Protein chains: 2
Amino acid sequence: MRYHKIPDETVRRLPIYLRGALHLSQQGVKGVSSQKLAGLLGVNSWQIRKDFSYFGDFGTPGVGYDTSTLIKHINRILNLDTVHKVALVGAGNLGSALLAFPGFEIYGFEIVAAFDSDKRKVGKKNSGVTVKDISDLCVLKDHGISMGIIAVPGDAAQDITDRLVNAGVRGILNFSPRYVVVPKRVKVITIDIAMDLARLPYYLPAG
Amino acid sequence: MRYHKIPDETVRRLPIYLRGALHLSQQGVKGVSSQKLAGLLGVNSWQIRKDFSYFGDFGTPGVGYDTSTLIKHINRILNLDTVHKVALVGAGNLGSALLAFPGFEIYGFEIVAAFDSDKRKVGKKNSGVTVKDISDLCVLKDHGISMGIIAVPGDAAQDITDRLVNAGVRGILNFSPRYVVVPKRVKVITIDIAMDLARLPYYLPAG
DNA sequence: GTTTGTGAATAGTTTCACAGCA
DNA sequence: TGCTGTGAAACTATTCACAAAC
């Protein structure tokens with residue numbers, strides 16, 4: 001079923017499947033059924049098959065999926081088959097943790113630049129990246145950086161967003177607790193850590 | 001429309017509305033319309049009204065919503081009207097950033113205990129919290145701690161989850177890139193930072 | 001005139017069940 | 001026999017449009 005609009009929810013799940021396939025591949029597992037993959041990732045097997053069906057035939061009936069083929073396909077669909085250079089803004093506690101974060105690598109992300117407005121942080125090395133002043137953000141264009149991570153306090157978020165957009169960034173991962181306005185061509189994904197914790201008590205039985 | 005099952009998506013959005021109401025309240029704004037709130041938060045006004053309608057009448061036609069009433073109502077619905085004590089497991093880069101994170105406070109969360117398996121970290125103070133050995137996790141019950149945050153590498157995630165569940169925790173915020181198995185009574189919310197970044201390139205126009 | 005609250009219409013997503021292939 | 005791929009059905013959520021309330 002190749003000629004369909006891809007549901008957003010399917011796109012959201014593809015990185016999960018990729019993570020599972022990479023995990024299995026690292027362990028030397030060559031093939032996997034939708035059922036096995038589902039068990040590993042905590043989703044349903046028919047959901048996996050349905051999601052894959054939007055893109056064509058990934059697997060072999062009676063056998064399952066080849067892990068390396070799966071990785072190749074999902075990487076291509078998600079545009080992850082080239083290394084993506086990322087700029088980080090905000091070298092505070094969260095920003096430093098993100099610079100040291102080992103999880104970006106498997107998807108081909110590399111944080112190649114870091115910025116902060118605090119003069120005391122500027123010039124210092126942080127996980128191998130030298131922190132630059134925020135006014136140097138405009139140089140991003142010349143370095144092939146198309147994505148930015150915002151790890152600044154809420155009050156600064158819109159200003160930093162504008163600077164990133166002006167610097168040519170087309171995708172933003174926003175860790176600040178604010179809605180930020182961008183032109184339609186720019187995609188923002190917001191992770192509001194406290195907000196996710198905030199809905200947890202709703203699900204706890206009385207207490 | 002009081003006698004309806006609440007959509008999960010509505011529950012997911014309630015903390016957003018709460019954040020907006022708190023923001024306005026701090027600025028001394030007493031009343032707000034669904035339209036104004038929507039503009040502030042980047043959602044639709046009818047979505048807000050629809051979401052609120054599941055819980056009863058929050059506002060006044062022709063006038064709007066009273067910010068402090070809104071805060072009170074949402075806090076009660078989300079079970080946020082008491083302080084929640086939280087245990088953090090994993091005092092590495094991410095764990096330390098979470099201990100120092102200022103955003104939990106507005107929702108009434110307090111990280112009162114931290115644990116790590118690394119003997120070099122145990123005993124040290126980290127943002128005012130003394131890191132304890134992981135084997136001391138079982139004391140949680142006696143301290144009224146009902147929620148846990150997992151900030152450990154993937155390989156350790158299931159073990160830590162089991163320990164938290166055994167210690168009586170009923171809600172878990174999981175930052176590890178793994179699906180973890182829990183009894184049905186326990187709710188897990190997973191934030192996989194790299195995964196969220198991983199779907200960003202999909203939305204970037206060719207390049 | 002303004003804004004809420006909500007039934008009804010639309011859109012989107014998940015689940016099922018099974019034909020077809022290895 | 002075992003597993004994929006997918007239409008169709010069931011379910012869930014979003015959007016609209018407007019009556020009722022202030």
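Letters go in sequence order (proteins before strands), and every chain restarts at 1. Quick caveat, the model's predicted, so the values are computed rather than measured.
When rounded to the nearest whole Å, the span between CH2 of W46(B) and P of dA11(C) equals 13 Å. Straight-line distance from the CD1 atom of I48(B) to the P atom of dT14(D): 13 Å, rounded to whole Å. The interatomic distance linking Q47(A) (CD) with dT6(D) (C1') rounds to 14 Å, in whole Å. Distance NZ (K50(A)) to P (dT14(C)): 11 Å, rounded to an integer number of Å. Y17(A) places its OH atom 14 Å from the C1' atom of dT4(D), with the value rounded to the nearest Å. K36(B) has its NZ atom 15 Å from the C1' atom of dT4(C), to the nearest Å. Taking atom CD on E9(B) and atom C1' on dG12(C), their separation rounds to 11 Å, with Å as the unit. Distance, R49(B) CZ to dC18(D) P: 14 Å, rounded to whole Å.
Panel note: side chain E110(B), backbone E105(B); no donor-acceptor pair is recorded below 3.5 Å. The backbone N or O of V29(B) sits less than 3.5 Å from a side-chain atom of T67(B), completing a donor-acceptor pair. Here the side chain of D57(B) pairs no donor or acceptor atom with the backbone of G59(B) at under 3.5 angstrom.
Phosphate proximity of dT14(C) to N44(A): absent, as no side-chain N or O sits under 4.0 Å from OP1 or OP2. Checking the phosphate oxygens (OP1, OP2) of dT13(C), no side-chain nitrogen or oxygen of Y54(A) falls inside 4.0 Å. For the OP1/OP2 pair of dT14(D) and a distance below 4.0 Å, the side-chain nitrogens and oxygens of R13(B) include at least one atom meeting the criterion. A close approach under 4.0 Å does occur between a side-chain nitrogen or oxygen of Y65(A) and OP1 or OP2 of dG5(D). When the side-chain nitrogen and oxygen atoms of S34(A) are compared with OP1 and OP2 of dT4(D), one or more of them lie within a distance under 4.0 Å.
Ranked by how close their nearest DNA chain C nucleotide is to the 5' end, V63(A) and D8(A) are led by D8(A). Between D51(A) and T60(A), the residue whose closest nucleotide on DNA chain C is further toward the 5' end is D51(A).
If you check every strand for non-hydrogen atoms under 4.0 Å, F58(B) touches sugar and phosphate atoms only.
No more than 12 heavy atoms of other residues, nucleotides or ligands shown are found within 6.0 angstrom of CD on Q35(B).
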Ring pair (Phe, Tyr, Trp, His ring centres under 6.0 Å) between F58(B) and F52(B): does it pass, once the steps are laid out?
CA-CA 7 Å; F58(B) 282 20; F52(B) 287 171; 5.0 Å; yes
